[in-house]
Amino acid sequence: TWDAVALETWLEALSGLLAPELPHDLMALWVYPPEGPAVLVGPSALAQDNLEVPTPAPHLGQDELYTMEQRIRTAGYASVVCMAVPHGDRDVGLLLLADLRQGSYGLPEAVLLRNVADSLGPTLARVARQGRARRAPRYQRARRRVSSAGSSNTGGSLDSARGRRLGGP
């Protein structure tokens, strides 16, 4: 399985590197394994919002990206851009940037984000394959089952400044 902490740390570093050119209050990344639903790389707190993420078939359509952007705008982010991360003959990830300030993303930012998404393709494709191919040792799977049985998903969610949840209907 993936090392979730390492991947989220990598995403935080990427967020910091991009922030001067692509300002954002939220940067999220999902990976699309060859089979199964999208997997949130980070931020992990976003999982509490049960955000509906589109599934590529094998690519995401512009209407699906726009719908996702609208959901995030509804949560209070004035500027939002979603970009599919392509690799080979399919999309392997979804990158989202959102900013509370209006007008943060124009054509220059969209071109830069397109280049970033394109460059992430090979890495996310490898991560997706690893997630499918590697299984955690049996003792780790058992430990996760015990840990998850005692936890609840009632904690706070990653809300926007206006306090609205990002989840779907």
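Being a predicted model, the structure only gives us computed values, none of them experimental.
With rounding to the nearest 0.5 Å, the separation of CZ in R114 from CG in L107 is 13.0 Å. To the nearest 0.5 Å, atom OH of residue Y77 and atom CD of residue E69 are 14.5 Å apart. Atoms CG and OH, on L113 and Y105 in that order, are 8.5 Å from each other to the nearest 0.5 Å. Residue L97 holds its CG atom at 10.5 Å from CD of E109, rounded to the nearest 0.5 Å. Note that OG of S119 is 12.5 Å distant from NE2 of H87, once rounded to the nearest 0.5 Å. Here L100 contributes atom CG and L26 contributes atom CG; the two are 9.0 Å apart, rounded to the nearest 0.5 Å.
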- Run the numbers on I72 and L51 for side chain to side chain contact (heavy atoms under 4.5 Å, CB included), then give the verdict. CA-CA 9 Å; I72 305 303; L51 185 61; 3.9 Å; yes
- Task: Apply side chain to side chain contact (heavy atoms under 4.5 Å, CB included) to L22 and M27, showing your working.
- Result: CA-CA 10 Å; L22 295 167; M27 179 176 177; over 6 Å; no
- Check the pair L29, L7 against side chain to side chain contact (heavy atoms under 4.5 Å, CB included), reporting the backbone distance first and the verdict last. CA-CA 10 Å; L29 180 67; L7 285 172; over 6 Å; no
- Could you give me the CA-CA distance, side-chain angles and deciding distance for S104 and D99, then say whether side chain to side chain donor-acceptor pair (under 3.5 Å) is met? CA-CA 7 Å; S104 295; D99 196 71; 2.9 Å; yes
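A donor-acceptor pair is defined here as one N or O able to donate and one able to accept, closer than 3.5 Å; such a pair exists between the side chain of S79 and the backbone of G103. Under a 3.5 Å cut-off, the side chain of R129 and the backbone N or O of P34 do not form any donor-acceptor pair. A donor-acceptor pair is defined here as one N or O able to donate and one able to accept, closer than 3.5 Å; such a pair exists between the side chain of R90 and the backbone of Y32.
In this structure, P20 and L17 approach most closely via the heavy-atom pair CD-O, 3.4 Å. The shortest heavy-atom contact between C82 and L96 is SG-CD1, 3.2 Å. The two residues A47 and L40 have their closest heavy-atom pair at N-CD2, 3.5 Å. Between P33 and A128, the closest heavy-atom pair is CA-CB, 3.8 Å. Scanning both residues, V92 and G121, for their nearest heavy atoms gives CG2-O, 3.6 Å. Of all the heavy atoms in A78 and R73, the pair that sits closest is O-NE, 4.2 Å.
Side chains of P54 and T67 form no contact here, defined as non-hydrogen atoms less than 4.5 Å apart. Residues M68 and L94 form a side-chain contact, since some pair of their non-hydrogen atoms from C-beta on lies under 4.5 Å apart. For the pair W30/L46, a side-chain contact is recorded, criterion being any heavy-atom separation below 4.5 Å from C-beta on.
Checked options V81, L18, V41, V85; the residue passing with L95 is V85 (criterion: side-chain contact (heavy atoms from CB on, under 4.5 Å)).
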Can I get a per-line list of side-chain donor-acceptor pairs under 3.5 Å for residues 55-64, giving both atom names and the distance, sequence neighbours left out?
from : atom 1 : to  : atom 2 : distance (Å)
H59  : ND1    : D91 : OD1    : 3.1
H59  : NE2    : D89 : O      : 3.3
E64  : OE1    : G61 : N      : 2.6

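Annotation for Q70: atom CD counts as buried by contact number, over 12 foreign heavy atoms lying within 6.0 Å.
For the salt bridge (charged side-chain N to carboxylate O under 4.0 Å, His left out) test, no residue two or more places apart in sequence or in another chain qualifies with E8.
Residue L124 is grouped with residue L112 when hydrophobic side chains (ILVMFWY) are merged at heavy-atom distances under 4.5 angstrom, including chains of intermediate members.
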